[in-house]
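Following: one structure in structure tokens, then a few remarks.
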Amino acid sequence: QVQLVESGGGLVQAGGSLRLSCAASGRTFSRYVMGWFRQAPGQERDFVAAISRSGGMIYYADSVKGRFTISRDNAKNTVYLQMMSLKPEDTAVYYCAADERYSLSQYPGEYDYWGQGTQVTVSS
């Protein structure tokens, strides 16, 4: 089992940047595919990005491609989401998740462990 704790959320103006972090503890971090998801009020939880165990494969949602960058540091047991050129529609609670399988998935149901989330608010 792995425990996940997100940080780095906050309030930012449109066009600004934020860097989210997700620290993992418990089982070996490098065993997991890691993903970022987001959920706006009244909306479903949407896929943002995923990264393979080694970091060699990355997958982005079309809505964030070119603006967000996912990365991981297995020595620090941490996955990051660098968000740039933020838009009001990026406002949501952002969650990191861990998947014990090998493939990169965009489906929340395929992830085994979740953090508590961090709020990102982008003002216009």
Side-chain angles (χ1 to χ4, degrees):
Q1 191 169 354
V2 64
Q3 293 79 42
L4 304 172
V5 179
E6 301 96 335
S7 61
L11 173 64
V12 63
Q13 289 188 332
S17 300
L18 280 175
R19 187 195 198 201
L20 305 183
S21 299
C22 173
S25 60
R27 294 185 68 187
T28 305
F29 179 67
S30 59
R31 297 171 59 98
Y32 299 95
V33 166
M34 298 299 298
W36 284 98
F37 292 78
R38 64 187 182 186
Q39 188 167 19
Q43 303 294 318
E44 294 184 349
R45 191 166 297 188
D46 292 332
F47 171 74
V48 174
I51 188 167
S52 64
R53 296 177 175 194
S54 67
M57 292 179 59
I58 288 173
Y59 178 29
Y60 293 104
D62 288 343
S63 59
V64 306
K65 203 172 293 183
R67 299 188 299 123
F68 290 11
T69 302
I70 188 171
S71 62
R72 67 189 296 163
D73 186 337
N74 286 344
K76 294 183 178 180
N77 293 346
T78 303
V79 62
Y80 304 97
L81 187 68
Q82 178 68 50
M83 305 185 295
M84 302 179 66
S85 302
L86 283 160
K87 306 174 182 179
E89 50 264 43
D90 294 318
T91 295
V93 177
Y94 282 71
Y95 298 90
C96 71
D99 183 356
E100 293 180 308
R101 285 166 284 205
Y102 286 99
S103 59
L104 304 188
S105 174
Q106 64 177 313
Y107 301 107
E110 295 188 0
Y111 286 77
D112 303 292
Y113 304 102
W114 291 84
Q116 83 290 346
T118 185
Q119 177 71 47
V120 172
T121 303
V122 185
S123 63
S124 57

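- There is a path of hydrophobic side-chain contacts, each under 4.5 Å, that joins Phe68 to Ile58.
- Thr28 places no side-chain N or O within 3.5 Å of a backbone atom of Ser30 that could act as its donor or acceptor partner.
- Between Val120 and Val122 the shortest side-chain heavy-atom distance falls below 4.5 Å.
- Side-chain contact between Ile70 and Tyr80 is absent, with no heavy atoms from C-beta onward closer than 4.5 Å.
- The minimum heavy-atom distance linking Leu4 with Cys22 is given by the pair CB-SG, 3.9 Å.
- Between Glu44 and Gln39 the shortest side-chain heavy-atom distance does not fall below 4.5 Å.
- Side-chain N or O atoms of Thr78 include one that pairs as donor or acceptor with a backbone N or O of Lys76 at under 3.5 Å.
- Residues forming a ring-ring contact (aromatic ring centres under 6.0 Å, His included) with Tyr60 (at least two apart in sequence, or on another chain): none.
- The shortest side-chain heavy-atom distance between Gln116 and Val5 falls under the 4.5 Å cut-off.
- By the 4.5 Å heavy-atom criterion applied to side chains, Arg19 and Met83 are not counted as neighbours.
- Side-chain atoms of Arg72 do not come within 3.5 Å of backbone N or O of Val33 as any donor-acceptor pair.
- Within the 4.5 Å cutoff, side-chain heavy atoms of Phe29 are placed close to those of Met34.
- Judged by distance alone, the side chain of Arg67 and the main-chain N or O of Ser85 form a donor-acceptor pair under 3.5 Å.
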Exercise for the section: Check step by step if side-chain contact (heavy atoms from CB on, under 4.5 Å) holds for Trp36 and Phe47. Expected result: CA-CA 7 Å; Trp36 284 98; Phe47 171 74; over 6 Å; no
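- Tracing side-chain contacts under 4.5 Å through hydrophobic residues (I, L, V, M, F, W, Y), one never reaches Val93 starting from Val79; they form parts of separate clusters.
- What you find for Ala50 and Leu104 is that their closest heavy atoms are O-CD1, 4.1 Å.
- Put simply, the side chain of Tyr111 gets close to the backbone of Ser105: a donor and an acceptor are under 3.5 Å apart.
- Both Leu20 and Tyr113 are part of a single hydrophobic cluster, where members link through side-chain heavy atoms under 4.5 Å apart.
- In this structure, the side chains of Asn74 and Tyr32 stay at 4.5 Å or more apart for every pair of heavy atoms.
- When every heavy atom of Arg45 is checked against every heavy atom of Trp114, the shortest pair comes out as NH1-CE3, 3.3 Å.
- Proximity of a side-chain donor or acceptor of Ser52 to a complementary backbone N or O of Met57 within less than 3.5 Å is detected.
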Practice task
Go through Arg38 and Ser63 one step at a time and tell me if the side-chain contact (heavy atoms from CB on, under 4.5 Å) criterion holds.
Solution key: CA-CA 12 Å; Arg38 64 187 182 186; Ser63 59; 3.5 Å; yes
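- The heavy-atom pair separating Ala40 from Ala92 by the smallest distance is N-CB, 3.8 Å.
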Practice task
Let me see the working for Val12 and Thr121 under side-chain contact (heavy atoms from CB on, under 4.5 Å), right down to the final yes or no.
Solution key: CA-CA 6 Å; Val12 63; Thr121 303; over 6 Å; no
Exercise for the section: Test side-chain hydrogen bond (donor to acceptor under 3.5 Å, both in side chains) on Thr69 and Gln82 and set out the steps. Expected result: CA-CA 5 Å; Thr69 302; Gln82 178 68 50; over 6 Å; no
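- In the model, Thr118 has no side-chain atom that pairs as donor or acceptor with a side-chain atom of Glu6 under 3.5 Å.
- Remark: Lys87 does not engage Asp90 in a salt bridge, criterion side-chain N to carboxylate O under 4.0 Å.
- Ser17 contributes no side-chain N or O that, together with a main-chain N or O of Met84, makes up a donor-acceptor pair within less than 3.5 Å.
- In this structure, the ring of Tyr95 has its center no less than 6.0 angstrom from the ring center of Phe37.
- Between the side chain of Asp112 and the backbone N or O of Glu100 there is at least one donor-acceptor pair closer than 3.5 Å.
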